[in-house]
Amino acid sequence: MNIKKLAEKLIEKNITISFAESCTGGLLVSTLTLNPGVSSILNESYVTYSNESKVRLLGVKEETISKYGVVSKEVAYEMARGLKNKTSVKLAISSTGNAGPTKGDEKEPIGRVFVGIAYDSINTYQLDLDGSREEVIKKVVEFVYSKIEEII
């Protein structure tokens, strides 16, 4: 996958984009901003690491977090939907997960990540990844940009 070519394609097609990142901590948006010209399509993005910020900035329901956990397809869905509604972009991406290396359990094992992609509809993807914290986060970034390439 070539991020530079993907950025050029987003610009050419005028597909505006925003990110709501938790476990990726801003790496999704920073990867895109390495490419010239993205200011024409990159609206705004958020690192919503805390549950409170997901609720306040993206409209994720507290009940959703309580019922399903913050590492869930439901939270990824609400993050992507809230971001798309707030920013009015064509493409809204969310990430929430447990990159490790500690605090894994049955419900939220280390390496479990959910990605939400809102374009024509909202789809969520569950990833169960191996590796160090850094490797998990980089794999999420690779997955997201591969999905964007498929979509557009």
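The first residue in the sequence is number 1, and the count goes up from there.
Remark: E62 pairs with no residue by the salt bridge (Lys or Arg N to Asp or Glu O under 4.0 Å) rule, at least two apart or across chains. Partners of E63 according to the salt bridge (Lys or Arg N to Asp or Glu O under 4.0 Å) rule, which considers only residues two or more places apart in sequence or in another chain, do not exist here. Under the salt bridge (Lys or Arg N to Asp or Glu O under 4.0 Å) criterion, E52 pairs with R56, sequence neighbours left out. Every residue meeting the side chain to side chain contact (heavy atoms under 4.5 Å, CB included) condition with R133, not counting sequence neighbours, appears here in chain and number order: Y49, A99, P101, I137. Scored by the salt bridge (Lys or Arg N to Asp or Glu O under 4.0 Å) test, K90 finds no partners at all (sequence neighbours excluded).
Using modelled atom types and a 3.5 Å distance limit, the side chains of Q126 and D128 yield a donor-acceptor pair. T24 and S95 share a donor-acceptor pair across their side chains, judged by distance under 3.5 Å alone.
The two residues S88 and T16 have their closest heavy-atom pair at O-OG1, 4.5 Å. Considering every non-hydrogen atom in both V38 and A7, the closest pair reads CG1-CB, 4.0 Å. Taking all atoms of both residues into account, the shortest heavy-atom contact from V113 to C23 is CG1-SG, 3.8 Å.
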Could you walk me through whether V70 and K54 pass the side-chain contact (heavy atoms from CB on, under 4.5 Å) test, one step at a time? CA-CA 9 Å; V70 72; K54 289 173 182 66; 3.6 Å; yes
Taking it one step at a time, do E78 and L58 satisfy side-chain contact (heavy atoms from CB on, under 4.5 Å)? CA-CA 8 Å; E78 288 187 14; L58 303 172; over 6 Å; no
Checking side-chain contact (heavy atoms from CB on, under 4.5 Å) for the pair L6/I152: CA distance, chi angles, key distance, verdict? CA-CA 9 Å; L6 181 60; I152 66 164; 3.6 Å; yes
Could you go through K138 and E134, starting from their C-alpha distance and side-chain angles, then the distance that decides it, and tell me whether this counts as salt bridge (charged side-chain N to carboxylate O under 4.0 Å, His left out)? CA-CA 6 Å; K138 285 182 178 179; E134 184 177 339; 2.9 Å; yes
Verdict with reasoning, K139 to L127, per side-chain contact (heavy atoms from CB on, under 4.5 Å): CA-CA 9 Å; K139 287 176 183 178; L127 308 173; over 6 Å; no
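At a threshold of 4.5 Å between non-hydrogen side-chain atoms, the residues S121 and N123 count as touching. V55 has its side chain out of reach of K61: every pair of non-hydrogen atoms, C-beta onward, lies at least 4.5 Å apart. By the 4.5 Å heavy-atom criterion applied to side chains, T124 and E74 are not counted as neighbours. Two residues are said to be in side-chain contact when any heavy atoms from C-beta on lie closer than 4.5 Å; T96 and M79 meet this criterion. Counting only heavy atoms from C-beta outward, the side chains of V71 and F114 approach each other to under 4.5 Å. A 4.5 Å side-chain heavy-atom check between I15 and I41 finds every atom pair outside the cut-off.
Rounded to the nearest 0.5 Å, atoms NZ (K86) and OG (S18) are 10.5 Å apart. In this structure, CG in L83 is found 8.5 Å from OG1 in T48, a value given to the nearest 0.5 Å. Expressed to the nearest 0.5 Å, how far CZ of F19 lies from CD of E44 amounts to 12.5 Å. Rounded to the nearest 0.5 Å, atoms CD (E142) and CG (L129) are 10.0 Å apart. Taken from CD1 in I117 to CD1 in I148, the straight-line distance is 6.0 Å, to the nearest 0.5 Å. I17 CD1 to S45 OG: the interatomic distance, rounded to the nearest 0.5 Å, is 7.5 Å.
At a threshold of 4.5 Å between side-chain heavy atoms, the hydrophobic network of Ile, Leu, Val, Met, Phe, Trp and Tyr places V89 and I11 in two separate groups. A continuous path of hydrophobic side-chain contacts links L57 to V60 [ILVMFWY only; heavy atoms under 4.5 Å]. V144 and Y119 fall within a single hydrophobic cluster, where Ile, Leu, Val, Met, Phe, Trp and Tyr are joined by side-chain heavy atoms under 4.5 Å apart, directly or via other members. Hydrophobic clustering, with ILVMFWY side chains joined whenever heavy atoms are under 4.5 angstrom apart, keeps I110 apart from V115. The hydrophobic clustering, which links ILVMFWY residues whose side-chain heavy atoms are closer than 4.5 Å, places Y46 and L91 apart.
The main-chain N or O of A118 is never found under 3.5 Å from a side-chain atom of K84 such that the two would form a donor-acceptor pair. Using modelled atom types, no side-chain atom of N98 and backbone atom of G111 make a donor-acceptor pair closer than 3.5 Å. A distance-only check finds a donor-acceptor pair linking the side chain of Y145 to the backbone of L28 [under 3.5 Å]. N35 places a side-chain N or O within donor-acceptor distance of the main-chain N or O of L32, the cut-off being under 3.5 Å. Side-chain atoms of E21 come within 3.5 Å of backbone atoms of L27 as a donor-acceptor pair (strictly under, hydrogens ignored). A donor-acceptor distance shorter than 3.5 angstrom exists from the side chain of S94 to the backbone of A76, with no hydrogens or angles considered. A donor-acceptor distance shorter than 3.5 angstrom exists from the side chain of N43 to the backbone of T87, with no hydrogens or angles considered. With hydrogens and angles ignored, the 3.5 Å screen pairs a side-chain donor or acceptor of S53 with a backbone N or O of S50.
A salt bridge links K147 with E150: at least one charged nitrogen is closer than 4.0 Å to a carboxylate oxygen.
Close placement of the Y125 and F143 rings is indicated, their centers lying within 6.0 Å of each other.
Every pair tested for salt bridge (Lys or Arg N to Asp or Glu O under 4.0 Å) that includes a residue from residues 34-43 fails, sequence neighbours excluded, so the list is empty.
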